Structure formats: structure tokens, C-alpha cells
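The structure appears right after this line, and notes come after that.
Predicted model only: the values in this text are computed from it and were never measured. We're numbering straight along the sequence, starting at 1.
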Amino acid sequence: MLGIVRQKMLGQSLLKIRPAISVLRSYSSAAKQMTVREALNSALDEEMSADPKVFLMGEEVGEYQGAYKISKGLLEKYGPERVLDTPITEAGFAGIGVGAAYYGLKPVVEFMTFNFSMQAIDHIINSAAKSNYMSAGQMSVPIVFRGPNGAAAGVGAQHSQCYASWYASCPGLKVLSPYSSEDARGLLKAAIRDPDPVVFLENELLYGESFPVSDEVLDSSFCLPIGKAKIERKGKDVTITHGVGAEICASVVEESFAYLDAPVERIAGADVPMPYAANLERMAVPQVEDIVRAAKRACYRAVPLAAAA
């Protein structure tokens with residue numbers, strides 16, 4: 001979902017909208033390359049090494065080293081007490097994870113796909129997310145639910161749903177959706193260290209993609225603060241927010257309407273179950289050309305308004 005507003009709002013009005021996007025950040029200077037898979041693996045490794053309370057659990061995270069090889073090498077290094085292969089029961093191991101977090105441990109629960117997290121929704125929302133509020137701040141639940149989210153390639157309607165806006169609408173949860181290797185590494189570390197439940201939504205199509213990283217990012221102390229937005233590329237005519245942005249779009253319209261030179265527009269998937277056929281799958285998911293057309297529509301709408309002013 002994309003909210004299209006003038007770029008000048010980033011410096012003026014977006015700072016007023018939500019504390020979660022109150023500070024903007026950009027990529028560090030970088031020369032080395034790292035895949036998103038390597039970034040996630042190294043973040044898990046370093047946090048497990050630094051804190052013995054951190055452990056990983058999920059289906060095939062141990063012997064198989066993860067369905068997407070995110071947990072490669074961790075079982076050999078930390079043993080079966082900290083890298084736990086679970087039965088195929090999301091409700092079961094998510095509940096065990098929440099209980100372990102109540103006890104003071106820091107579980108990282110992997111869902112093979114976030115579509116399967118629906119099996120564990122009671123524990124995620126009613127057991128983990130509500131605990132801090134219902135205990136008047138006396139009970140923290142330091143748990144991370146992570147795994148691939150959204151459309152991938154050839155996985156059909158069963159495995160293609162995006163849960164970003166869904167979970168982001170649930171009080172008590174922090175929802176992170178990393179893009180680059182720097183994002184993935186820095187934000188997963190922050191999620192594991194956070195005292196509250198975090199839903200960490202990864203993109204399966206990006207696991208093998210390489211991104212530039214700096215020596216700062218590769219340092220074991222590197223961590224990105226949760227709740228700070230990042231400008232991918234600065235422009236002057238149009239702002240394009242990310243798939244978690246429905247609430248941001250609503251906030252812009254409610255609180256910063258006067259700054260808009262064109263309406264907020266959301267670009268989303270087709271209102272159909274995800275097809276399996278590759279040509280139909282492409283038609284059902286927003287493409288680059290869809291975003292370009294929306295940006296041009298916004299700019300063209302702004303021309304007569306500017307001239308009239």
C-alpha cells in the first residue's frame with residue numbers, strides 16, 4: 001500500500017504524525033556485500049553468543065538448518081537445547097515460546113511462513129501482545145516471531161498473504177519489515193533485545209539478494225533502533241510509503257491534509273486469491289510499472305493545482 005504525498009512533508013508534517021516514524025535514517029556508507037540470509041543468520045548467531053537466554057525454535061530450524069537456511073550452523077554451534085526442532089504445531093511451539101518468555105528467556109520463534117502463524121494467533125495476540133498492558137507494565141514478554149511474509153514465487157494462495165498491516169493493527173505488538181541486509185541485521189538484533197513481543201516479517205524473495213554493508217554494520221555491536229523510518233532515495237516530487245503504511249496514510253489524511261497536492265493513493269494486490277500460474281501471479285501483485293503510473297498520476301494532478309495557486 002502506497003501513500004503518495006509531496007516529499008517536503010518528510011521534513012515538515014510526517015514528523016508530527018507518529019512517534020514511530022519521527023526520526024529518519026539512511027544507509028550507512030558501505031563497500032562490502034552481504035545477502036539478507038547471511039544478515040539474518042549473523043544477527044541470530046551474535047545475539048545467541050552474547051546472551052545465553054536467547055534460543056531459536058521452529059520447524060526444521062535445527063537438523064535441516066532452516067527451511068530457508070537462516071539458521072545454518074547454529075545447531076552445531078549451540079546445541080539442541082538452544083536450537084529446537086519442533087513438531088508441526090504452530091499453536092504448540094508458539095505457546096511454549098510465550099511461556100518461556102514469561103519465565104525470562106528470549107525465544108525466537110520461526111514460522112516457516114507467516115500464513116501458518118494463524119494457527120498460533122491466540123498466543124501471539126492474547127498471550128503475548130496483551131500481557132504488558134493487562135499487567136500494568138509489570139510483565140514483559142521478550143519474544144520474536146519471525147519468518148517469510150507476503151507473496152513469493154509459485155507458492156499459491158496458501159502461502160502468499162501479507163500480515164504486515166494485520167499485525168500492525170494489534171496493540172502490544174511491534175512489527176518490523178526489513179528490506180536490505182543492513183535492515184535485516186540491525187533490526188533483528190533490536191527485536192531480540194526488545195522486552196516486548198516483536199513480529200519480524202521477512203521477504204522470501206530477498207533472502208538471496210546482496211546489499212552493500214559497511215564495517216559498522218558488520219560490527220557485533222551494530223543495532224538499529226526500532227521505530228525510525230528510513231529514506232531509501234530522496235526526491236522532491238512524490239513520497240512512496242511501504243506495505244505497512246495503511247495507518248500512516250490515514251494519519252496523513254487526518255493530520256496533514258493541507259500539505260497534500262494530490263490524493264493519497266494505495267497500490268495493492270488484486271482482490272483475488274493468489275494464483276499459482278506465473279503470468280497470473282504477476283498480474284495479482286503490484287509491479288514497478290504500477291507504482292510509476294501512480295507516481296505520475298500524483299505529479300500530473302499537482303500541476304494544475306500549482307498553476308492555479
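When all heavy atoms of Ala164 and Leu201 are compared, the pair lying nearest together is CA-CD1, 3.4 Å. Val253 and Phe257 make their closest contact through O-CB, 3.3 Å (heavy atoms, listed as atom of the first residue, atom of the second, distance). Contact record, Val198 with Ala191: CG1-CB, 3.7 Å, taken as the closest heavy-atom pair. The nearest pair of heavy atoms linking Pro195 to Ser140 is O-CB, 3.2 Å. Taking every heavy atom of both residues into account, Ser181 and Ala39 meet most closely at O-CB, 3.4 Å.
Judged purely by atom type and a 3.5 angstrom limit, Ser256 has no side-chain atom pairing as donor or acceptor with the backbone of Tyr259. With hydrogens and angles ignored, the 3.5 Å screen pairs no side-chain donor or acceptor of Arg146 with any backbone N or O of Val108. Between the side chain of Gln287 and the backbone N or O of Val285, at least one donor-acceptor pair lies under 3.5 Å.
Here the side chains of Phe111 and Thr113 are not in contact, with every heavy-atom distance at 4.5 Å or above. A heavy-atom distance below 4.5 Å is found between the side chains of Ile70 and Arg37. Residues Ile124 and Pro197 are not in side-chain contact: their nearest non-hydrogen atoms beyond the backbone lie 4.5 Å or more apart. Taking the side chain as every heavy atom from C-beta outward, Tyr167 and Ile121 approach each other to under 4.5 Å. For the pair Ile226/Leu176, a side-chain contact is recorded, criterion being any heavy-atom separation below 4.5 Å from C-beta on.
Residues meeting the side-chain hydrogen bond (donor to acceptor under 3.5 Å, both in side chains) test with Ser71, sequence neighbours left out: none. Scanning for salt bridge (charged side-chain N to carboxylate O under 4.0 Å, His left out) contacts around Asp122 gives an empty result, with sequence neighbours left out. When the salt bridge (charged side-chain N to carboxylate O under 4.0 Å, His left out) test is applied to Lys77, the partners found at least two apart in sequence or on another chain are Asp45. Under the rule for a ring-ring contact (aromatic ring centres under 6.0 Å, His included), Tyr78 has no partner lying at least two apart in sequence or in another chain. Partners of Arg193 under the salt bridge (charged side-chain N to carboxylate O under 4.0 Å, His left out) rule, at least two apart in sequence or in another chain, are Glu47. A search for side chain to side chain contact (heavy atoms under 4.5 Å, CB included) contacts involving Lys130 returns Ile125, Asn126, Met134, not counting sequence neighbours. Listed by chain and residue number, Arg282 satisfy the salt bridge (charged side-chain N to carboxylate O under 4.0 Å, His left out) test with Glu289 (two or more places apart in sequence, or in another chain).
One hydrophobic cluster, built from ILVMFWY side chains closer than 4.5 Å, holds both Val36 and Phe222. Val109 is not connected to Phe116 by any chain of hydrophobic side-chain contacts under 4.5 Å among Ile, Leu, Val, Met, Phe, Trp and Tyr, and they are in different clusters.
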Side-chain donor/acceptor pairs under 3.5 Å, residues 203-212, sequence neighbours excluded:
unit_1, atom_1, unit_2, atom_2, d
Asn203, OD1, Leu205, N, 2.9
Glu204, OE1, Tyr68, OH, 3.1
Tyr207, OH, Glu202, OE1, 2.5

In a table with atom names and distances, give each donor-acceptor pair under 3.5 Å that connects a side chain of residues 49-67 to protein atoms at least two apart or in another chain.
unit_1, atom_1, unit_2, atom_2, d
Asp51, OD1, Lys53, N, 2.9
Asp51, OD2, Lys106, NZ, 2.9
Gln65, OE1, Gly73, N, 2.7

Could you go through residues 88-104 and list every donor-acceptor pair under 3.5 Å that involves a side-chain atom there, pairing it with any protein atom two or more places apart or in another chain?
unit_1, atom_1, unit_2, atom_2, d
Thr89, OG1, Gly92, N, 3.1
Tyr102, OH, Ser127, O, 2.5
Tyr102, OH, Ser131, OG, 2.9

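Distance check: Leu188 CG to Ile192 CD1 gives 4.0 Å after rounding to the nearest 0.5 Å. The distance from the CD1 atom of Ile291 to the CD1 atom of Ile267 is 7.5 Å, given to the nearest 0.5 Å. Interatomic distance, Met274 CE to Asn115 CG, rounded to the nearest 0.5 Å: 10.0 Å. Taken to the nearest 0.5 Å, the OG atom of Ser214 stands 5.0 Å off from the CD atom of Glu216. Of the inter-residue distances, the one linking Met112 atom CE with Glu110 atom CD reads 7.5 Å to the nearest 0.5 angstrom. For the atom pair CE of Met34 and CG of Leu218, the computed distance is 5.0 Å after rounding to the nearest 0.5 Å.
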Decide yes or no on side chain to side chain contact (heavy atoms under 4.5 Å, CB included) for Trp166 and Met118, but give the supporting numbers first. CA-CA 11 Å; Trp166 187 337; Met118 292 297 96; 3.4 Å; yes
Lys189/Leu224 under side chain to side chain contact (heavy atoms under 4.5 Å, CB included): CA gap, chis, key distance, verdict: CA-CA 8 Å; Lys189 282 173 161 286; Leu224 288 174; over 6 Å; no
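Within 6.0 Å of NZ in Lys72 there are 12 or fewer heavy atoms belonging to other residues, nucleotides or ligands.
In this structure, Tyr163 and Phe114 have tilted ring planes: the angle between them lies in the 30° to 60° band.
Through side-chain heavy atoms spaced under 4.5 Å, either directly or across other Ile, Leu, Val, Met, Phe, Trp or Tyr residues, Val292 is tied to Val288.
With respect to the salt-bridge test (charged N to carboxylate O, under 4.0 angstrom), the residues Arg185 and Glu46 qualify.
Contacts classified as salt bridge (Lys or Arg N to Asp or Glu O under 4.0 Å) and involving residues 163-179 (residues at least two apart or in different chains) are given here: Lys174-Asp194, Lys174-Asp196.
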